[in-house]
Amino acid sequence: MNFELTDEQRLLRDSVDRLIGPAYDDLAHRRRIAAEPPGYSRELWAKYAELGLLALPFSEEEGGFGGGPVETMLVMEAIGRGLALEPYLATVVLCGNLIRLGASAAQREALVPAIADGSLTLAFAHLERQARYDLFDVGTYARRQGSGFVLEGEKSVVLYGDSATKLIVTARTEGSRRDPQGITLFLVDADAPGVSRRGFATQDGQRGAAISFGSVAVTESAAIGTVGGAGPLIEQVADIAIAAIAAEAVGAAAALHALTLDYLKTRKQFGVPIGSFQVLQHRAVDMFTALEQARSMEYYAAMMAAETDAPARRSAISAAKVQINKSARFIGQQAVQLHGGIGVTMEYRAGHYFKRLTMIEQAFGDTPYHLRRLDAGGGWLDAA
Amino acid sequence: MNFELTDEQRLLRDSVDRLIGPAYDDLAHRRRIAAEPPGYSRELWAKYAELGLLALPFSEEEGGFGGGPVETMLVMEAIGRGLALEPYLATVVLCGNLIRLGASAAQREALVPAIADGSLTLAFAHLERQARYDLFDVGTYARRQGSGFVLEGEKSVVLYGDSATKLIVTARTEGSRRDPQGITLFLVDADAPGVSRRGFATQDGQRGAAISFGSVAVTESAAIGTVGGAGPLIEQVADIAIAAIAAEAVGAAAALHALTLDYLKTRKQFGVPIGSFQVLQHRAVDMFTALEQARSMEYYAAMMAAETDAPARRSAISAAKVQINKSARFIGQQAVQLHGGIGVTMEYRAGHYFKRLTMIEQAFGDTPYHLRRLDAGGGWLDAA
Amino acid sequence: MDLRLTREEIAFRDEIRTFLCENIPEAIRNRIAEGRHVGREDYVTCQRILNAHKLATPNWPVAWGGRDWTPMQRYIFGEEVQSNNVPDPLPFNVAMVGPVIIAFGTEAQKQRLLPPTANLDIWWCQGFSEPGAGSDLASLKTRAVRDGDAWVINGQKTWTTMAQWANWIFLLARTNPEARKPQEGISFFLVDMSTPGITVRPIQLLDGGHEVNEVFFDNVRVPADALVGTEHRGWDCAKFLLANERSNIARVGISKSRLRRIRALARAVPAGDGSLWDDEDFRHRVLQVEIDLKALEMTQLRVIASEREGSRTPNPASSILKIKGSEIQQATTELALEIAGPFALPYHDPEAEYPDGANDLPEGFGWADTAAPTYFNYRKTSIYGGSNEIQRNIIAKMVLGL
Amino acid sequence: MDLRLTREEIAFRDEIRTFLCENIPEAIRNRIAEGRHVGREDYVTCQRILNAHKLATPNWPVAWGGRDWTPMQRYIFGEEVQSNNVPDPLPFNVAMVGPVIIAFGTEAQKQRLLPPTANLDIWWCQGFSEPGAGSDLASLKTRAVRDGDAWVINGQKTWTTMAQWANWIFLLARTNPEARKPQEGISFFLVDMSTPGITVRPIQLLDGGHEVNEVFFDNVRVPADALVGTEHRGWDCAKFLLANERSNIARVGISKSRLRRIRALARAVPAGDGSLWDDEDFRHRVLQVEIDLKALEMTQLRVIASEREGSRTPNPASSILKIKGSEIQQATTELALEIAGPFALPYHDPEAEYPDGANDLPEGFGWADTAAPTYFNYRKTSIYGGSNEIQRNIIAKMVLGL
């Protein structure tokens, strides 16, 4: 067992930090970027591409970076620290891995270079209003028509779905609404006839979209992976995404904890730094404990995200998400509390971390969901 | 709405405190009393009788004190504060109320004076090994034989069942094991043929017994209340008992909190009283908050214990038990923690309160049980 | 001991409830229940309806439009206002500056200011907090200097709630910088916000809303009668005001209303083949908050009853109302956030128009977009009015003698 | 970064596991799993088996019977011992006084004391704590005065674990009361408990058991070579010892074993028509503790890995092992108490004979009577070895710089 980074990984981490760190240092600048379409910096996105970050998960043979979960973890930590707005999770982690693991060689050949050079952004149009966290609850329907399909349905809260050039859409080609079987992935142009998008800002300054598909015609070759068999792939990529946002959460929480320590050391009340009050010291220690426990499970999730034994992967990822959620909530709430008034304003960085951490808690399954999933897997201790 | 005690109630409280307060002040004395049969002080029991405490729930017409839930609350608080060992809960609260609410006039005439003068002690032989907290899970069976019944079965953890002169036994006269219908109460001499008792000490220094009934013959007139119809009475008296132990818990928790404050003010470390450390101060405040919330629900339980609308009574009592359990656990654990090493020894009073509070938590339903019961009653807020 | 409402109290409660439901516009009450933005006009409308029926200022003396209610009646009234989703009569007017003017003001000040204060013709805001002062209120730096028959005020206030809607401000300013203790040499002023030299700058809160402000005073000249009470003794007024601020601080009625809504939403939100309310685990967590709230309500009633019984020492239970009340309010926002789940993500400008009763939005559920902002916003409840840490310090010292 | 055990480490683990299961008597392991009393003879038996295979003192130098293991191997060994319900080799001997003698003792002391220490022929106890000192160890009052070729010790120790079974005690005593700082002028002594003047008085703990004692020293004359290390510099030995005491402080293996047992008992205890394990709410609470434990295990591994990587600064994550480890241990006892339910009430003298494997008692369930005593007893885990409050003070200062 070995927790050390390789030299290459260290280099990656440092260069990502150098890129993202200063980019959103200025909150007013961040707000301006968020307010204008596409809601992130295209300039910065190009630099992500230059660094090879957009090619991260793909193999070197097909023009990728050949990175694994540890590399993804390092990038996502930096995104968390930096409060970055770019659609890395949507394009690279979610859609990139769907393509890497599900697409045909021909599809990969067509798509990977465009993702890698930053010209193609993608969004994963999956969630529906009735589904809550159930990954297999898909009501959008793909009806066979000639040699292709016609899509019909509505998707909710599609991350960066308003600006993506292509969408990967889940649709049911057979089965009933909550059937794990019968789901298919389709690659659809975002401006295809019948696709209608309504973009919106998210609570944490990012972008989302509600997307409706009204008789959208797609060819058979638009399907990624086997028709009707996308269930396991969706679950696997959701687990990879959870490991990624776990890393983002740890990046954000560590930065927030550091910010809070600074504040405790510099802010004075009643003539002394507030960090001299024992109650606030112990609160900072409990935040630190929550952070270290989260970091441990971040590493564990990174290790298990690539696990081929699906039940073991599910248990590990769900356990990690529960810990991340718990730590994120505690650290976020306490950081705000220790900052006092300034912590609840948009004018200070702490609150933005708090908001992002809160939204990570709600993403890809909340705590009760993952406890149920872990429980359904027959528990944990014996599987460890 | 009025939280004031009447002059009579104040007088009751003060005289009970004067009686019980000093009786178990000396822990070595308490240990000696607990170690010898019957495990409590017969002398003190006689004084309970003199004060009228043993006649408390019965009407004045039948030689009782005519006390209600508030009077019971005052006595139980004093028992909690005093760490008293007498079987007041078993004889007066549990069996006394079964008799008051269920027995015939003739039965009451025979029993009440003997309870009131201290000559008759009673125990409620109800719990069975498989039942956990389910009040209607009764496997002990009463078979009709001639004009009477024959009892067959085993009872567990019968409070003060080893020294009681008579037992009130629940037995099934019809129905299957967990059927709310078909349960009957029988008054049985503790030394009747076929009754075999094995007494034991309890974790909190009290007494319990395992009692088996092997072909115990009882007459029809031994039945308390209607044959097969004891279910609602059992539940009502269990609710009255919960209100009573809620009061005992508040009495104990308040004494424990006071003890902890004393310790914080007098114990010195690093040259200062440990109560000068802010973290310990805030802990004491959180204990105080838990205590006041418990006290509020103690009052509420006392008010609702006499409620004739059974669903409203159930909800209120279950809510109170949840709050009492939560407060008892927090105050108990933190008191031990703030006392440090001395808190985990038998040589100091704090630990004894902690143990009694812990056992109150486990009595008549733990927190998950009462949450389920409250939930089954259709919830709470609308009923309030 | 009798812990039931008397027949008279029940009749009073029913009367108030009926009055509120019949007289306060339903659209406003719905917006409050849904956690949506309530505008200045909504507050004014409601308070004027109440004031027309002598219900805006029941805590004031009868001579100034108050009611001779018992503490229990006052409590019941406050409860009914909150749990029926009626905006509280503006606390800056009714609970804070009004009683100060009544207790410390001149007859002329009373005549001139109390009627418009009761009717919300004047909207007051509170100029107490300053940057850098935080919990240490007495360290304030704003100065007021006598200049002929005027006072000249310079300084800055912050966290000034709804200052953008206020036309008057009451504030503390230092009039004698040489005083021995920080609490001495402070005076209490009543200032028309249209006086030249006052600037209001909004502070955006985490929910995106505009609720608090910075207020700058740059050589603001106010007349001599802007001073209320005795010169340099403004701390007396402030202490008097802060004691009043504590009443109804538990906000039991608001939490009750929120919990009712949580039950309704959880029944409405799909989960699996049914609704989230089918999940026992979720229901139990709701019940635990409800039990905590019931206990807090009883604690609050104990405090009120002890006031009525005329006990000289304050009921120690009162000290926990703020802490427990804020914890429960925050717990309700966590439950609402959980209900919203992934649909909490879309952001909707809280001050933009929102169609009444719109419950469906293409991006999810219409009601869900208030869940996260309310959760963010309610973090303030354990910070403002003396943070919960400060409250614990006070209880440790004043109640527990530590 | 590779977070899996290497093939060699897995082989090592399996070898240890097999050895323990095949060589340590099953009856003893069952008693530990069930939370029952383990007697002096049980400890001695197990440690002698381990010592015969050079497994009692793997942390000692090879020359003194230790093993040249990596930190990871040591961790795996400790884990396997705990999670297979084998008593830890007596920490007072193996982790505490042994290394002190090795580091500070004379060759004669080593030759004379180390072999019987490893083999538990000498049972050591620790004379550090004193009445009134608590967390403030350096304020100790026990005196040792040089008298010819002997030392004369007077004073009192407390919380002395298993002193009733010990035949030797290591202790700190003040040899120079004039030293400038409380830590100076203290010396470290090794004392045969049969020396006249030593009295042991039991302290009964909440579980009814006899685990700790007071030890009184009344003019106890010990030879000059009872002193280990330099006169007046005993604090150096104490610091060295306390640093070793921290290893394996998270007690992950014990919590794992307890959680496995919790799963088994919850499946066995009837509730309604099935078992308690059918209750989702209960299972979720177990899972939350298991997740916390998994995270702690990873944290522990991070600490061990950073030791191996030879980092000069200690891994800050190590600071939380004691706090989190005790919280998790206590959480497991709360779960066990919940399983026992009303059957937790009967008390059984923990030191009385208890028939092996007896799972049914007329008063309830045989296993249930250990639930409450263990819950009571484990409250000590957040108190001893520096209370969790002291641990937080240390982390705040040393790690967070507050």
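Keep in mind that this is a model prediction, so the values were computed, not measured.
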Pair C/Thr299-B/Arg295, side chain to side chain contact (heavy atoms under 4.5 Å, CB included): steps then yes or no: CA-CA 8 Å; C/Thr299 304; B/Arg295 194 184 290 285; over 6 Å; no

Modelled atom types, side-chain donor and acceptor of B/Gln278 and C/Asn393, under 3.5 Å: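 The criterion, which ignores hydrogens and geometry beyond distance, is satisfied for C/Asn393 and B/Gln278.
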
Heavy-atom pair count under 4.5 Å with chain B, highest-scoring of C/Lys397, C/Gln288, C/Met1: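 Sorted descending by pairs with chain B, the first entry is C/Met1.
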
Heavy-atom pair count under 4.5 Å with chain B, highest-scoring of C/Arg302, C/Glu280, C/Glu389: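 Answer, by heavy-atom pair count under 4.5 Å with chain B: C/Arg302.
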
Part of C/Arg283 lying under 4.5 Å from any heavy atom of chain B: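 Side chain of C/Arg283 only, per the 4.5 Å heavy-atom cut-off to chain B.
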
Under 4.5 Å from any heavy atom of chain B - which part of C/Val286: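 Neither part, no heavy atoms under 4.5 Å.
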
B/Met287 versus chain C, the contacting section by heavy-atom distance below 4.5 Å: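 When you check distances to chain C, no heavy atom of B/Met287 falls under 4.5 Å.
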
Step-by-step side chain to side chain contact (heavy atoms under 4.5 Å, CB included) determination, B/Val285 to C/Ile320: CA-CA 9 Å; B/Val285 170; C/Ile320 65 178; 5.7 Å; no

Trace of the side chain to side chain contact (heavy atoms under 4.5 Å, CB included) decision for C/Lys294 with B/Met297: CA-CA 8 Å; C/Lys294 184 74 198 173; B/Met297 292 306 266; 4.0 Å; yes

Partner chain C: residue of B/Lys326, B/Gln323, B/His257, B/His282 with the largest heavy-atom pair count (under 4.5 Å):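 Counting heavy-atom pairs under 4.5 Å, the top option is B/His282.
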
Greatest number of heavy atom pairs closer than 4.5 Å to chain C - which of B/Met303, B/Arg372, B/Met304: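 When all of B/Met303, B/Arg372, B/Met304 are compared, B/Met303 has the most.
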
C/Leu301/B/Phe3 under side chain to side chain contact (heavy atoms under 4.5 Å, CB included): CA gap, chis, key distance, verdict: CA-CA 9 Å; C/Leu301 289 169; B/Phe3 290 81; 4.0 Å; yes

